Peer 1: 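Questions regarding the structure given below will be posed in turn.
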Amino acid sequence: MEKEIYRDCQRNHARCLGGYAIDGCTQFIPFNNSKTHCKACGCHRNYHRKVLCRDLEQSPNGKSFRSLREAKRMARQQQSCCGVNMKQRKSKFSMGQREAMREFGEGLGWSMRNKDRPEEINRFCERIGVSRIIFKTWLNNNKKCYFKGTSSANISS
């Protein structure tokens with residue numbers, strides 16, 4: 001049986017000022033009669049991070065847990081087998097691709113805002129084997145280096 005547990009408060013109190021500040025409340029504690037607001041910080045329950053947990057009273061083999069350490073160990077094992085690696089892959093370009101993107105970027109004026117050339121940009125991206133979004137990102141990341149006239153700069157993208 002899964003149970004909802006509300007953990008640390010995620011409310012950004014400095015949002016209206018353009019900043020980020022949380023109050024440090026580490027666990028939702030309901031008021032006496034109200035189950036929607038936290039007694040510690042006063043925030044609504046929806047601001048607190050919700051965690052779905054299995055009932056920790058019974059382990060998968062039917063025995064009760066002997067300690068909190070054993071329960072945490074089993075939770076870590078369950079997370080590691082179900083976890084997904086969310087790390088993004090960094091694009092690696094050959095020297096030919098970099099040189100072609102630099103030359104094409106100079107022809108575009110280091111901007112993708114050319115409304116009259118989308119087909120040309122798409123054909124170029126297909127020819128060198130790079131998606132349009134990756135080319136746009138490369139263009140934005142490298143235009144300052146190359147636009148200054150330092151076209152011989154060594155960039156390891």
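Since the structure is predicted, the reported quantities are computational estimates derived from the model, not experimental observations. Along the sequence shown, residues carry numbers from 1.
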Peer 1: Applying side chain to side chain contact (heavy atoms under 4.5 Å, CB included), can you list everything that pairs with His37, at least two apart in sequence or on another chain?
Peer 2: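 Applying side chain to side chain contact (heavy atoms under 4.5 Å, CB included) to His37 gives Phe31, Ser34, His44.
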
Peer 1: Does the side chain of Arg102 come within less than 4.5 Å of Trp110's, by heavy atoms?
Peer 2: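 In short, these two side chains touch, coming nearer than 4.5 Å.
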
Peer 1: Rounded to the nearest 0.5 Å, how far apart are SG of Cys9 and CZ of Arg45?
Peer 2: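 Atom-to-atom, Cys9:SG and Arg45:CZ are 13.5 Å apart.
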
Peer 1: In chain order, what residues pass the ring-ring contact (aromatic ring centres under 6.0 Å, His included) check against Tyr6, with sequence neighbours excluded?
Peer 2: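 Only Phe28 meet the ring-ring contact (aromatic ring centres under 6.0 Å, His included) criterion with Tyr6.
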
Peer 1: Any chain of hydrophobic side-chain contacts (each under 4.5 Å) joining Phe104 to Ile134?
Peer 2: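 They do share one cluster, since a chain of ILVMFWY contacts under 4.5 Å joins Phe104 to Ile134.
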
Peer 1: Name all residues meeting the side-chain hydrogen bond (donor to acceptor under 3.5 Å, both in side chains) criterion together with Gln10; count only those two or more places apart in sequence or in a different chain, and write none if there are none.
Peer 2: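 Counting only residues at least two positions away or on another chain, Gln10 forms a side-chain hydrogen bond (donor to acceptor under 3.5 Å, both in side chains) with Asp8.
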
Peer 1: How long is the span from the CD atom in Glu99 to the OG atom in Ser94, to the nearest 0.5 Å?
Peer 2: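 So the CD of Glu99 and the OG of Ser94 are separated by 10.5 Å.
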
Peer 1: Just distance, no hydrogens or angles: give the donor-acceptor pairs under 3.5 Å from side chains in residues 17-26, sequence neighbours left out.
Peer 2:
| unit_1 | atom_1 | unit_2 | atom_2 | d |
| --- | --- | --- | --- | --- |
| Asp23 | OD1 | Cys25 | N | 3.0 |
| Asp23 | OD2 | His13 | NE2 | 3.4 |

Peer 1: Restricting to non-hydrogen atoms, name the atom on Trp138 and the atom on Met101 that form the minimum distance, rounded to 0.1 Å.
Peer 2: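 Here Trp138 and Met101 meet closest at CZ3-CB, 3.6 Å.
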
Peer 1: Provide the closest heavy-atom pair for Gly105 versus Leu139 in the form atom of the first, atom of the second, distance.
Peer 2: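 For Gly105 and Leu139, the tightest heavy-atom pair comes out as CA-CD1, 3.7 Å.
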
Peer 1: Between Arg123 and Glu126, does at least one N-O distance fall below 4.0 Å, as a salt bridge requires?
Peer 2: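 No salt bridge links Arg123 with Glu126.
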
Peer 1: Would you check if Phe124 and Val130 make a side-chain contact, meaning some heavy-atom pair closer than 4.5 Å?
Peer 2: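 Result no, sub-4.5 Å side-chain heavy-atom pair not found.
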
Peer 1: Could you tell me which residues satisfy salt bridge (Lys or Arg N to Asp or Glu O under 4.0 Å) with Lys50, sequence neighbours excluded, listed by chain and number?
Peer 2: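 Applying salt bridge (Lys or Arg N to Asp or Glu O under 4.0 Å) to Lys50 gives Glu4.
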
Peer 1: Over all heavy atoms of both residues, which pair between Cys38 and Gln27 is shortest? Give the atoms and the distance, please.
Peer 2: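 Heavy atoms of Cys38 and Gln27 come nearest at SG-O, 4.1 Å.
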
Peer 1: Listed by chain and number, what are the salt bridge (Lys or Arg N to Asp or Glu O under 4.0 Å) partners of Glu120, not counting sequence neighbours?
Peer 2: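 Expected list: Arg117.
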
Peer 1: Give the minimum heavy-atom separation between Gly129 and Gln97, together with the two atoms involved.
Peer 2: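 That would be O-NE2, 4.1 Å.
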
